[in-house]
Amino acid sequence: METIPVPVLFFALGFAAALARSDLAVPDALSKGLSLYLMLAIGVKGGVALAAPGGAAGMLPALAAGLLLSFLLPIPAYAGLKAFTRLDRPTAAAVAGHYGSVSVVTFAAGLAAVQAAGLRAEPFLPAVLAAMETPAILTALLLARRGGAARRPKDRAKLLREVLLNGSVVLLLGSFLIGWLGGARAAAALSPFVEGLFQGALCLFLLDMGLLAARQLRAAPQALEARLIAFGLLMPLFGAACGLAAGLAAGLSPGGVALMAVLAGSASYIAVPAAMRLALPEADPGVYVTLSLAVTFPFNVVLGIPLHLALAQRLAGG
Amino acid sequence: METIPVPVLFFALGFAAALARSDLAVPDALSKGLSLYLMLAIGVKGGVALAAPGGAAGMLPALAAGLLLSFLLPIPAYAGLKAFTRLDRPTAAAVAGHYGSVSVVTFAAGLAAVQAAGLRAEPFLPAVLAAMETPAILTALLLARRGGAARRPKDRAKLLREVLLNGSVVLLLGSFLIGWLGGARAAAALSPFVEGLFQGALCLFLLDMGLLAARQLRAAPQALEARLIAFGLLMPLFGAACGLAAGLAAGLSPGGVALMAVLAGSASYIAVPAAMRLALPEADPGVYVTLSLAVTFPFNVVLGIPLHLALAQRLAGG
Amino acid sequence: METIPVPVLFFALGFAAALARSDLAVPDALSKGLSLYLMLAIGVKGGVALAAPGGAAGMLPALAAGLLLSFLLPIPAYAGLKAFTRLDRPTAAAVAGHYGSVSVVTFAAGLAAVQAAGLRAEPFLPAVLAAMETPAILTALLLARRGGAARRPKDRAKLLREVLLNGSVVLLLGSFLIGWLGGARAAAALSPFVEGLFQGALCLFLLDMGLLAARQLRAAPQALEARLIAFGLLMPLFGAACGLAAGLAAGLSPGGVALMAVLAGSASYIAVPAAMRLALPEADPGVYVTLSLAVTFPFNVVLGIPLHLALAQRLAGG
Amino acid sequence: MTHPRKRIEIVVEAVRAEQVTDLLDACGASGWTILPVVSGRGRTGMRRGGDLAGVFDNVLVLCIASEAVAAKVLEAREELLGARPAIVSVSDCAVLRAEHFR
Amino acid sequence: MTHPRKRIEIVVEAVRAEQVTDLLDACGASGWTILPVVSGRGRTGMRRGGDLAGVFDNVLVLCIASEAVAAKVLEAREELLGARPAIVSVSDCAVLRAEHFR
Amino acid sequence: MTHPRKRIEIVVEAVRAEQVTDLLDACGASGWTILPVVSGRGRTGMRRGGDLAGVFDNVLVLCIASEAVAAKVLEAREELLGARPAIVSVSDCAVLRAEHFR
Ligand SMILES: Nc1ncnc2c1ncn2[C@@H]1O[C@H](COP(=O)(O)O)[C@@H](O)[C@H]1O
Ligand SMILES: Nc1ncnc2c1ncn2[C@@H]1O[C@H](COP(=O)(O)O)[C@@H](O)[C@H]1O
Ligand SMILES: Nc1ncnc2c1ncn2[C@@H]1O[C@H](COP(=O)(O)O)[C@@H](O)[C@H]1O
Ligand code: NA
Ligand code: NA
Ligand code: NA
């Protein structure tokens, strides 16, 4: 108990409250506001740190590793789903896309855990986070479309915009850039906002995620088939293992290796579902939202992060 | 003027603005967000303090006193309403339930006043606050149902859930528990959030309460009958007197005694109205919301709290 | 780049994101909440500083100058619009009203720039800001009504209320008064809220303003006629010149002179549009919202403020 | 190509919306949609949401159903309405894809 | 069991909603309901709310009224609409509890 | 004084609303209005918004159009609906100011 991070306790509180059918609820506008805040804060803090002397050392290999992971991870995910579950092709492809992409809040919780363990992490990881959001969507579409019908050009343009310019990527990268441009000036002006409030905002947001996850579990029991749950627990471990390897190969510090594992092991629950709903209307959102939000997210936050952190410390020294 | 607390001035600003029919308004989602924040902050701060050595001393008698007050206060309230006003039985019972229960924001304003007076309060009072929210609802239902119709089982289950697991109780108790489990760790991580912002959030919320109270006064003039207003002013004094006595009997410090009086004298305006609307549809919400929000709440915040504080200092030494 | 303030970079980020049709969006309730916060914080900080010894020196001439500017600036604006554009009378009058009035966020950005330049500003300027919000509305109505139809009395009463008691004036002046009454007490209690968060909240709000401005540009191309754009760029310069002169005449410090120029050069995008939609339904909101929000606001934030600051430092010494 | 159905529209307190949709389900309706309401006026006076407890919020429940289901719903009117603030109206409409509506 | 009434539906600027409901009250309607609108298109182009002043917000006003009241409302159309963005439509419906609707 | 029109009402996923209004525009409708939806039930089960990605949000699209435009819209039903969650209903109404509605 002593060692469970406080934000995780708030996740558990929300989860338990919703399972018990409490009417506790966080207004939509507040959830969205908190998620904007977290992206802004993560971006600015990363950018500011990047501007410090030596901050960019090792960025390119890490970015390349992140892009590659996001592009490639959907392929084993899809293969696994087709081999072991009865999901139709579009739904399997859509699910696979979620696991190549990443979850901002899982990263935030990982960052907090890394810092609580007294480790530092490379400042450019928020840029890696942003870079990993969208490639997986393209892979998922390719997986779904093999032999499928062509899309109308207008839809395709809209989809490309959605994928490349989706709000979270823009805000993350933009804030990162601003933090980097602003440097010490930005740090001084924004520190009470992006540092002081971070933990509190994360707690409130995780409370809401707990509520949403448990409610989703109840709303979409079709995703609760045993083999799907197994996928939702094993795939993040497989992804994290790849992330660990990639982080080590990219020469990151122990904290950075842990966060690469957290990223690769996490699954998107905002950007990818929205893109999939538009691009693959035949895929069942009840399956991919439930797996990502209600199975993999809790698993990562509660068990995955401490595990990856311990492994990273072992393997990378620290 | 010098001595009116700043949050109370914001309440007055909102009240005056709405009376003058200004279009100043706080968005719903923001009010709800602020109220979640206040409960989380009160809970965490209390829990953290409880974890400190000696923090739990005297908790059980205070909890017992709070439960008893919440169960019993509706009875004299109901008797008074039936004797001196013309309210029908369900409405009288519903009103009575509000006065046995408590108001989180009145407690927050009381806490701020206690601290401004240089006093400390027992850290477990947030738990007492949570414990006092719901027993009064059960008493109110018993008062209304004497000889009344039986409810459908499904409704009854829903109602029980609403009563026992209502959002504010769950969040208050959950945050309290998390603060207690997290201890110093939670304090360090969350202090800028739960301490630094508290006064500001309270000001903004009280601004909104002022707007809501004055608008409710204008919307429901039926609650403005002289005898009802008299009830809305005298009942909190009676409740506070009982709270004062209970606090002294439980051996609390002067700040704690003052806050027990504040709790017992306060009336619910979130949890109880919602429960009553479901459980006693025949009761007139125009009466109970107006009395609690627009008569008793302002009275407590402006006059009640300083009065109880002065009395508690007298009677408990300090 | 080094010298562009961080909040302005967030404006640029929002503007660019919306131009590129990203789906980045700030929930309505959050925008409104941030705007309430900024008014509360500006008001309280000003009031607290006013309460310090010597804080009120020079307030009356500045207030008088502000009122005069707000009453009179719509007249040259209207004359210019009638002479050089083809706007109908009600629309020209409505536009003119926006330029006599002021923009709270432009003021906030100006304040941040003044402080970043190491200057101080008179603490009573938030009161001048509040005083300048509404007189311009009356002038605009007179300009529109010359020879026009009389209004129904009920509408007139409603309009007067809207004008005199509009939410931003009430909250600004009320917070100012509370800061002044509360003095050091208010400062101590609210400082983490009104000081610590100010820059961060301003960044988030400017991000949203950038999104809104660019979206408005795309939604109302009729306002993009060359002569209207020219008006939207020249009028703020003319206004700022008058503000500069008035600030010097009122004997303000360099920072104060700069802020008088910022105020006089800014255009309203909340209070005045709402009032004009009610009072002058024949006027085209597509024109006045677009000019104020999407032409003049960005111009002021990006170019106007540094220009006025440089001029003020020249002319007022400092 | 289109098929005749009944369009039932009920304005009711938000706290009581679930009772109404439970009733629609029980009467055999194949679906319903709940829309938010800003404010309303009726016999019980103005109802404008925004109070913290939500007791003054209304919603509008829309249900498209067969004549038979609609008749059942209207018969249950006492349970539906009782003394509470609420209005019910019914009109004719036509739908695509008859198989989607009972 | 049910009684014929008119269902009047008006989409209008949010800032002007109170003028419409005042008119409905003046014409003798016994009630109305205001629903929020996300966005709309009409002669005056796209209207999507979310601007800070709220001038581009629409609402939908729903009023169920007797034939006589509806006729009065439609007669007042100039006052109701003038040059402003707004649409008005009327259809037939049936209500329970006739005494609740004038 | 009033003119007969068709009132088309479509409940559809929020992420797909733009496809529907594009289709209405293409069929020649002179306008439409989008209303928010709190929750709904249909063949595909409960849909309650509030998930962070917005994939479970519905909206209601209202379009008043001439008989001819309405017929075109209904003909496009496959494009409109396909396999997706959505319902379409049509009823009769009358409008003021015919020139405002095609
Ligand atoms: N004639 C009406 N037309 C439209 N909505 C109505 C009408 N009467 C009542 N309502 C709505 O139904 C709610 C409850 O009505 P009531 O039970 O009459 O107070 C009101 O708050 C309105 O939102
Ligand atoms: N044919 C239509 N069907 C449904 N809503 C419409 C229609 N025409 C206009 N509207 C709505 O009425 C508002 C004002 O219309 P207008 O006055 O034509 O600009 C629009 O923003 C739409 O929300
Ligand atoms: N019979 C109905 N009456 C009203 N709304 C319905 C009905 N059936 C479905 N809906 C709405 O249409 C959405 C999609 O329906 P479906 O495609 O059947 O899942 C549902 O979520 C409801 O909001
Ligand atoms: Na991943
Ligand atoms: Na009480
Ligand atoms: Na100006």
Side-chain angles (χ1 to χ4, degrees), chain A residues 25-32 34-36 38 88 90 94 98 101 103-105 149 152 154-155 158-159 162 166-168 205 208-209 211-213 215-216 218-222 268-290 292-294 297, chain F residues 9-29 31-32 34-61 63 69 72-88:
Chain A
V26 175
D28 268 24
L30 182 58
S31 321
K32 287 190 184 132
L34 286 170
S35 124
L36 293 177
L38 291 175
D88 55 88
H98 288 69
S101 183
S103 146
V104 175
V105 178
R152 289 183 309 168
K154 191 179 167 182
D155 285 6
K158 210 189 148 187
L159 182 65
E162 175 92 7
N166 88 61
S168 42
F205 194 70
D208 187 34
M209 295 284 294
L211 293 166
L212 292 177
R215 278 178 192 141
Q216 186 61 36
R218 270 225 313 273
Q222 77 268 33
S268 169
Y269 54 79
I270 300 185
V272 181
M276 287 305 150
R277 200 65 206 114
L278 272 177
L280 297 178
E282 320 83 282
D284 181 351
V287 171
Y288 52 72
V289 172
T290 312
S292 154
L293 183 67
F297 179 79
Chain F
E9 201 171 54
I10 302 172
V11 178
V12 68
E13 294 174 273
V15 294
R16 221 165 289 282
E18 205 180 316
Q19 288 175 16
V20 171
T21 56
D22 284 354
L23 180 79
L24 294 173
D25 292 349
C27 290
W32 40 261
I34 299 185
L35 306 181
V37 161
V38 176
S39 63
R41 199 171 70 70
R43 281 162 312 130
T44 56
M46 271 291 287
R47 291 181 56 87
R48 187 188 301 281
D51 66 300
L52 289 160
V55 300
F56 296 115
D57 281 319
N58 280 339
V59 293
L60 187 152
V61 183
C63 174
V69 167
K72 266 200 220 162
V73 172
L74 294 186
E75 260 161 43
R77 67 174 177 165
E78 257 321 298
E79 187 169 3
L80 206 59
L81 305 176
R84 291 84 161 154
I87 60 162
V88 182

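What's counted below: heavy atoms across the whole structure, side chains too, no hydrogens, waters or symmetry copies. Residue numbers start from 1 in every chain, and the chains themselves are labelled A, B, ... in the order their sequence lines are given, proteins ahead of strands.
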*Arg277(A) side chain near Asp57(F) side chain, heavy-atom distance below 4.5 Å*: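 With C-beta onward as the side chain, the pair stays apart.
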*Any side-chain heavy atom of Leu52(F) sitting closer than 4.5 Å to one from Met209(A)?*
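In short, these two side chains touch, coming nearer than 4.5 Å.
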*Residue Val289(A) versus chain F: region with a heavy atom under 4.5 Å*: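 For Val289(A), the contact with chain F is made by the side chain alone.
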*Once you round to the nearest 0.5 Å, how far does CG of Leu278(A) lie from CD of Gln19(F)?*
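One finds 7.0 Å between CG of Leu278(A) and CD of Gln19(F).
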*Which heavy-atom pair separates Val55(F) from Pro285(A) by the least distance, and what is that distance?*
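So the minimum-distance heavy-atom pair works out to CG2-CB, 4.3 Å.
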